[in-house]
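Every chain is numbered from 1, with letters handed out A, B, ... down the list of sequences. Please read all numbers here as calculations on a predicted model, not as lab measurements.
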2 protein chains.
Amino acid sequence: MFEITKSEPEGGQSGAARVFTFFRDRLLAGDLKAGDRLLAERELALALNVSRPVLREALRSLAILGLVDIQHGRGTFVRSADASVLGQALTLCLAPEPNILDDVLQARIAIECQAIRLACERASERDLQAIASTLDKLVDSLDDPERGGEADYAFHLAIVRASGSPSLMKIYEAISPLLMRSHIERRRDTFREPAITSGLVDAHRSVFLSLARRDPDAAERDLRDHFAIGDDLRRRNLISAYEPKRKRS
Amino acid sequence: MFEITKSEPEGGQSGAARVFTFFRDRLLAGDLKAGDRLLAERELALALNVSRPVLREALRSLAILGLVDIQHGRGTFVRSADASVLGQALTLCLAPEPNILDDVLQARIAIECQAIRLACERASERDLQAIASTLDKLVDSLDDPERGGEADYAFHLAIVRASGSPSLMKIYEAISPLLMRSHIERRRDTFREPAITSGLVDAHRSVFLSLARRDPDAAERDLRDHFAIGDDLRRRNLISAYEPKRKRS
DNA sequence: GTCAATCCGTGGTCAGACCACTTTAGGCGG
DNA sequence: CCGCCTAAAGTGGTCTGACCACGGATTGAC
């Protein structure tokens, strides 16, 4: 009669919360690997001593966090950790803040400046080639705003990847959705004059060269200059948008 | 006969997922503010045209993300955005990586170095006083490892707060749990000799002074030196632990 | 007036049934 | 013998209605 019913707290939680932490800890401990298939809901509910609705509450929560993938008619599978949920969580946390689309650039600068310092130490030849390759794409797509934006992002992402730091990488991925939105909103005002784009390539190239020369201080300085120019450009655009009288003013 | 039953996709999702996104979007849009109380589950289920279990799956997911607070016998309330869930998500994402406790320090350096640059521009007198206050606590608690650790963390947190950047702040809070674990693990090896602690105070003080002088380059340099010393210390400790023959070697 | 028991509204859980989707196994026709 | 097609089995998806557990307010007794 020592059944594990309500008489035992089991960690203080009960019901769905208990099942949720059960699976989460199994995930963290590595008992469940990506691709593993869970038992059917009915069997799991039986095994864990809860009803099916309760089990489903827990599974649904795990699914929201991207830890499992529930497929109708097929089963529930363990998923590898996903950075997209991080991005969503960050977006939710930052949502109430004003001007978040501008502020998130600060996080970007923070990550990239540290990443490029690490990259100067750690980047392999393969990493450098990958960055150089994105630089080529950037040059090729000067006249195409769409592809150009992608190439720009790819360049910076390649730098963060070259840092070899999972933490920096994950955080960078997490802020990417917000960065995208920020980028889109900025491009709405910036009409991308040719003079600017050519300077853009130069800026990227000098960042890359400093990195290839394994000079952390120079690389960070180039990167900061690059960001400062973008910032300045945005400011000037804002001014020129309001200084001459507008129709709806 | 144009009821909103299964004939209308309603965004492609159905059931719990639909309810979840419904509330999430309301949260993002600001229609629901922190502290607001939701309708009772039975009424909500009726209003949203779903059964109570389905509604509960959605609510439970929202609760996991820290967006609502479900209280037995009282009701369900909207919660203000919580960084703790961010920390958990980050921990989950980074869990499979090796040496994550060391690597997360890179993220810390990234955030703090950018934060202190911003703080040099933006910090108010009140911010500076807050930082100075934590510095005093640090001095007071030199002989108490527990309080000393807290004061140390408070000092760095105050700097990030003084940056006035919500993004940096949230990300710093997000990595805090991992930072704590990292700190604990490191202290397990570091026997905190008096000579070190005194140098620690000097390092913090010079960081603060450069910040108070509004000198971004000097402040970042001081900060990086501070981190480098800690890193070096850890390395040296590791070496001294393995260099003389150990029992279990 | 104070304290207690009671009642009501809330979330928490359960059981069983049925629906929808996917896969597979078997039968039927070629 | 091969291939297609249908039916069945297994899975998640949903619903219904009931009951339990907790918190607070109301009401009653002292």
Side-chain angles (χ1 to χ4, degrees), chain A residues 3-24 32 34-79, chain B residues 1 3-24 27 32 34-79:
Chain A
E3 293 302 321
I4 46 172
T5 55
K6 289 156 189 173
S7 54
E8 292 199 19
E10 303 218 23
Q13 299 162 337
S14 74
R18 190 181 78 238
V19 176
F20 174 81
T21 56
F22 170 78
F23 279 110
R24 191 201 55 189
L32 293 172
D36 285 359
R37 181 181 168 175
L38 268 52
L39 288 173
E41 292 187 353
R42 293 163 181 82
E43 305 173 49
L44 261 185
L46 199 61
L48 297 177
N49 240 322
V50 293
S51 69
R52 217 179 135 208
V54 168
L55 174 75
R56 279 180 59 81
E57 289 177 22
L59 288 182
R60 189 67 78 170
S61 299
L62 292 167
I64 288 291
L65 290 179
L67 299 179
V68 301
D69 190 11
I70 305 178
Q71 297 182 24
H72 191 171
R74 289 174 40 76
T76 303
F77 303 84
V78 178
R79 277 217 314 199
Chain B
M1 307 312 177
E3 294 301 323
I4 47 170
T5 53
K6 289 156 190 171
S7 54
E8 292 201 18
E10 301 219 20
Q13 300 160 335
S14 75
R18 189 181 77 236
V19 177
F20 174 81
T21 57
F22 170 79
F23 280 110
R24 192 202 54 189
L27 264 289
L32 294 172
D36 285 359
R37 179 181 168 177
L38 269 49
L39 289 173
E41 292 188 353
R42 292 165 180 81
E43 305 173 50
L44 259 186
L46 199 60
L48 297 178
N49 240 321
V50 292
S51 70
R52 215 180 135 209
V54 168
L55 173 76
R56 279 181 58 81
E57 289 177 24
L59 288 182
R60 186 68 76 170
S61 298
L62 292 166
I64 288 292
L65 289 179
L67 299 179
V68 302
D69 190 11
I70 305 177
Q71 296 182 24
H72 192 172
R74 286 175 41 75
T76 303
F77 303 85
V78 177
R79 277 217 314 200

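- With D/dG13, C/dA15, C/dG11 as the candidates, the nucleotide lying closest to the side chain of A/Ile70 is D/dG13.
- OP1 and OP2 of D/dT11 both lie 4.0 Å or more from every side-chain N or O belonging to A/Thr76.
- Looking at heavy atoms from C-beta onward, A/Val50 lies in side-chain contact with A/Arg18 at the 4.5 angstrom threshold.
- Minimum atom distance to the side chain of B/Ala40 is reached by C/dG11, of the listed D/dT11, D/dC15, C/dG11.
- Evaluation of the salt bridge (Lys or Arg N to Asp or Glu O under 4.0 Å) rule for A/Arg79 yields A/Asp82 as partners, not counting sequence neighbours.
- Residues A/Leu39 and A/Glu43 come closest through the heavy atom pair CD2-OE1, 3.9 Å.
- In terms of polar N and O atoms assigned as donor or acceptor, the side chain of A/Arg42 comes within less than 3.5 Å of the base of D/dG12 in a complementary pairing.
- In terms of heavy atoms, B/Gly15 sits closest to B/Val54 at C-CG1, 3.7 Å.
- The backbone N or O of B/Arg74 sits less than 3.5 Å from a side-chain atom of B/Arg37, completing a donor-acceptor pair.
- Residue A/His72 places its side chain closer to C/dC21 than to any other of D/dC15, C/dC21, C/dC14.
- DNA chain C lies under 4.0 Å from at least one heavy atom of each of the following residues of residues 56-66 of chain B: B/Arg56, B/Arg60.
- Nucleotides of DNA chain C nearest to B/Glu41 and A/Gly73 differ in position, and the one nearer the 5' end is that of B/Glu41.
- The nearest whole Å value for the distance from the CD atom in B/Gln13 to the C1' atom in D/dT14 is 17 Å.
- Phosphate contact (OP1/OP2 of C/dG12, side-chain N/O of A/Ser14, threshold under 4.0 Å): absent.
- Counting only heavy atoms from C-beta on, A/Arg52 has its side chain closest to D/dG12 among C/dT13, C/dT10, D/dG12.
- Put simply, the side chain of B/Ile64 reaches to within 4.5 Å of the side chain of A/Phe20, judged on heavy atoms.
- At least one side-chain nitrogen or oxygen of B/Arg74 sits closer than 4.0 Å to the OP1 or OP2 atom of D/dG24.
- Note on the helix from C/dG1-D/dC30 to C/dG30-D/dC1: terminal axis deviation equals 20°, with five pairs used at each end and the result rounded to 10°.
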